[in-house]
2 protein chains.
Amino acid sequence: MTPHLSEEEWNERVRAHPELAAMPQSLRDAATEQQTKAGERLYAIGDRPQFMLFVTAGELRLTRRAQNGAEVILQRSASGFVAEASLETSRYHCDIVAAQSTRLLRFPIGCFREALREDAAFQAAWMSRLAQEVRKLRAQCERLSLHGAAERIEHYIEAEGQGGRLELRQSRKSWAAELGLTHEALYRALATMVRTGRLRTEMQGDRFVLFACPRKH
Amino acid sequence: MTPHLSEEEWNERVRAHPELAAMPQSLRDAATEQQTKAGERLYAIGDRPQFMLFVTAGELRLTRRAQNGAEVILQRSASGFVAEASLETSRYHCDIVAAQSTRLLRFPIGCFREALREDAAFQAAWMSRLAQEVRKLRAQCERLSLHGAAERIEHYIEAEGQGGRLELRQSRKSWAAELGLTHEALYRALATMVRTGRLRTEMQGDRFVLFACPRKH
DNA sequence: CGTACTTTTGAATCGCATCAAATCTGGTGG
DNA sequence: CCACCAGATTTGATGCGATTCAAAAGTACG
C-alpha cells in the first residue's frame, strides 16, 4: 500500500502536479505513495507528524470538531500539500481525513527538512507555498467576518473563481460548512440570489457552476 | 524620519524583540526606522511593497473594508513582522494602518529576498514565522466558524491566553471586530458570561483581563 | 473643560440556526 | 434490472441571538 515510485510513475505525477517539479531527487527517492478510501482518517489530533503529505488525486481535509459536534474544515486540498505547518510542530492540531478515495505522496519529515536546508530552489518554492497559504487563509477570515450568506457567497466567487465564474468542486453541503453556514441557509441564500438576479447557476456535467451577476456598487 | 540605526540602537531593538537576532548583518545595515502617528495609513491596497515591516512599538494592522463599509482586521502586530506575504506579491492586498503611535523597522524587499537566499539560519527562521502565521490564521478561521459570541470568546481565551487567563491588548471594541461581532454583541455576551459564571473579568492597571471558568463538558 | 472615543444599556428587527420532513440522487447488492 | 439505502438537495415552521439604531454614561487627552 505504500510502495516507492518508479521513474515513470514520478514523471506521471509531475505532469499532473507541476508543483512537484521543484522537488529534489533525494525527496523523490524517499517518497512513498498511499491510497485511502473515502472517509478514512489518516491522522488524528495529537499524532506525531511523520510525513509531509501531497495529494495527487481525490481530496484530503484538515478538520476539527467544535464542542457542539459540528465539523470545521480548516483546509481542503485536491492537489498539493496539506498541513504545511506540521513541518514545524511535534503534534497535529487537526484531524486529517480523506473526503473521497484519495491518492497521496508521503515524504518523511526528516528528509523534507534536510532538503529544505540543502536545496535553495526547493526552499524558495516552499516559502512561496506558505505565503500563498497565508493569503488564502486571510481571504477566508475576511469572508467569515462578513455577515450575511449572500455576501460570503459573492466573496467566495470573487476569491476562488475567475471572472465571476466558479466551478464548485465539492457538494453544496460541504461548501456550506466552509462558508460557516448551515446547508439549509446556503441553499436558501442561493435560491434567493438566483430569484433576485444576483446569481446564475448551471450544472455542467456533475459540476455545479456559479456566475456572479455584477451589481452596481 | 527614516534614519539608519546605530549599533547601539540595534542592540536595544534586539533585546526587546528577540526575533531580530536571526537577522543577518546585511539586512541590519539596510534597515531604516520610521515613526508614525496614531491612525496613519502607511500603505494602501494596490501599492507596490518596497519594504518588509517590523513593528518595534505601538501597533500596525492589516485591514480591508467590506462593501458595507465595516472594517475587517486581517492581522494585528505589536511586535514583529506584518504583511509577511507581501514579500511574494507585487501589490498590497490590504491597507496597512497604525492603530496607535508606532515605531517600525523597514527592510528593503530586494535585500530581504537576497538575505533569505544567502543566509540559511535566517531562512529557517522565516519559514517558522510563516508556519506560525498559518497556524494562527487557521485558529482564527476556526473561531469565526463558531456561532455564538460566547463560544468565540472562550475560543479566543484558549488560543491566545495562557491557562485560561487572557490580558486583552486592545480595546474591547476592536476586539469585537476581530471576533467578527459588533461591539454591542460583545459587551452583552461578556456581561452575560460573567453573570452566569462562565467568566471572570478584572482590570489590571489599564488592561482588561479575562479568566475562563472551566465548565463540565 | 471640552472633545472624541469607549463602554453600557435599551428596543425593534431580521437573518440564520434548528428541527422536521419530503424529494431526489448515485451507488450497492440481490 | 430493480429494490434499497445513504447522502445530498429542497422546502417549511419556529425561536433565538446578533444586528441595527439610539442614547446615556464613563474615560482619556489636550
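Keep in mind that the numbers below use all heavy atoms, side chains included, and drop hydrogens, waters and symmetry copies. Protein chains get the first letters and strands the later ones, always in sequence-line order, with residue 1 at the start of each.
With respect to the salt-bridge test (charged N to carboxylate O, under 4.0 angstrom), the residues B/R165 and B/E160 do not qualify.
Atom CH2 in A/W175 sits roughly 11 Å away from atom P in D/dT9 (whole-Å rounding). The distance between atom CD of A/Q170 and atom C1' of D/dT9, rounded to the nearest whole Å, is 15 Å. The distance from atom CE of A/M203 to atom C1' of C/dC24 is 12 Å, rounded to the nearest whole Å. For B/D206 and C/dC5, the CG to C1' distance is 15 Å, given to the nearest whole Å. Rounded to an integer number of Å, the gap from A/L190 CG to D/dT11 P is 11 Å.
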In B/S/- notation, 5' to 3', how is nucleotides 17-26 of chain D contacted by protein heavy atoms closer than 4.0 Å? -SSBBB----

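Pairing each heavy atom of A/L74 with each of B/C141, the nearest pair is CD2-CB, 4.5 Å.
Both the sub-6.0 Å distance and the 45° axial angle are satisfied by B/R172 relative to the ring of B/F208.
Of the inter-residue distances, the one linking A/I73 atom CD1 with A/R61 atom CZ reads 4.0 Å to the nearest 0.5 angstrom.
Between A/Q204 and A/E202, the side chains place a donor N or O and an acceptor N or O closer than 3.5 Å (distance only, hydrogens not considered).
B/Y187 has no side-chain polar atom (N or O) that falls below the 4.0 Å cut-off from OP1 or OP2 of C/dT8.
Taking the six-membered ring wherever Trp is involved, the centroid distance between the rings of A/F81 and A/F112 falls below 6.0 Å.
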